[in-house]
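Ligands are counted one by one from 1 in listed order, and the atoms in each one are counted from 1 as well. Side chains included, hydrogens not; waters and symmetry mates left out as well; all remaining heavy atoms used.
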Amino acid sequence: MGRVLIIGAGGVGAVVVQKCAQVPHVFEEICLASRTIEKCRQIQSRTPRAIEIAQVDADSVADMVALIRRFQPDLVINVALPYQDLSIMDACLATGVNYLDTANYEPLDEARFCYQWQWDYQERFREKGLMALLGSGFDPGVTNVFCAYAQKNLFDTIRTIDILDCNAGDHGHPFATNFNPEINIREITQRGKYWEKGQWIETEPLSQHIDFDYPEVGVRKSFLLYHEELESLALNIKGLERIRFWMTFSENYLTHLRVLQNVGMTRIDEVEYEGRKIVPLKFLKALLPEPSELGANYTGKTVIGCILNGSQGGREKSVYIYNICDHAQCYTEVGSQAVSYTTGVPAMIGAMLMMTGVWKGQGVFNMETLNPDPFMDALNQHGLPWTVTDFHKSI
Ligand code: NDP
């Protein structure tokens, strides 16, 4: 059916390649390109189908344009870093190719987690008749689709949404992040924020928490964070009164993070070191294990989902929609841990729906604005089955 160009040979990129390779009638030709060609080569060598690889600096629009002209893809999947979103979108516009990513654009020097830069591409994509799908990972991504599914099939009005992200796995390292350390630590150390009655309410970083009893995992302390899907869902779920996001962290993780913060290792500004400038967080990333290398001995599960309150047919109701994913099973299937897997599978599904024309449009789209039903079916078929239950407690 078509050709796909995947940018980024990290933890998520490795899963996207394996999952696209499993659907050959849609992804007939695959090219994986990244900054370090050796990482592409490693993924290529463990992919059961022949794929092309290429070296690219995705910060350079000219490099990206040249690569796209050479490979002629129908779609570019961007699973490099959020810093590259705009240059890859520019290259797609210049070459007339559709675009998909899993994380919103971030400037290098400030943690913002804001869609505006990419929403500003709306007219340019529309004028060229192209589609850009934003945030097709798990959160954002599947969580947005869960909300859209609930809005379409389970509620007349949704009043509150709580998104809960639990990783109850153990990778055996004293400290490691499950996706790119720079982005992960920027996200966690920023101020918390949630949306209520049209207002954003800010909180001190990690200052609010609840104990939540996760299915198959048990009670875990879950901290209020700002997460990027809150911005689009607050706009797109009509009648919504409040939306919050919670994520679990172990005491061990938080202690390491506190020490790193206290000594300045999570700073994202440049500091002078022996006559050259370095960014402490980038240096820390170089010391930490790569997300793509955590899989081998990872045990335990992730549980990510949404609790929605509202009404249907005049009756008050509350439902919990979630997926449970097992680190070791992901490793057996594709050689990766569950955080990379739960991001890479939805990226493949979003790409599949675009390549087959099931999801089509002109402009820039957040996931919840598209028909959730085919995506929900595909989750069940491609490794991320979900459950819907009534939820009787309040959080
Ligand atoms: P990794 O750090 O493991 O991989 C990132 C890859 O991008 C690396 O291979 C890196 O190359 C490559 N890269 C970085 N800069 C460039 C560049 N200028 N040109 C070309 N390639 C480049 O990160 P992850 O795989 O864990 O995460 C990938 C993306 O997925 C991130 O944007 C992250 O925020 C997002 N994500 C989204 C989630 C969701 O649920 N929506 C959840 C988890 C992650 P090199 O090897 O040379 O460093």
If the plane angle is over 60° it's perpendicular, under 30° parallel, otherwise tilted; pick one for F212 and Y320.
-> perpendicular
Parallel, tilted or perpendicular: rings of Y253 and F175 (30°, 60°) | tilted
Aromatic ring centroids of F365 and W359 under 6.0 Å?
-> no
Where do P107 and R112 come nearest, in terms of heavy atoms and distance?
-> CG-CG, 4.3 Å
Between Y214 and T248, a side-chain donor and acceptor under 3.5 Å | no
Protein neighbours of ligand 1 with a heavy atom under 4.0 Å, given by chain and number, are G8, A9, G10, G11, V12, S34, R35, T36, K39, V56, D57, A58, D59, V79, A80, L81, P82, Q84, T102, A103, G137, F138, D139, P140, F179, N180, I183, P291, T343
Which is it for D85 and N78 under the side-chain hydrogen bond (donor to acceptor under 3.5 Å, both in side chains) test, yes or no, and what are the steps along the way?
-> CA-CA 7 Å; D85 287 7; N78 168 17; 2.8 Å; yes
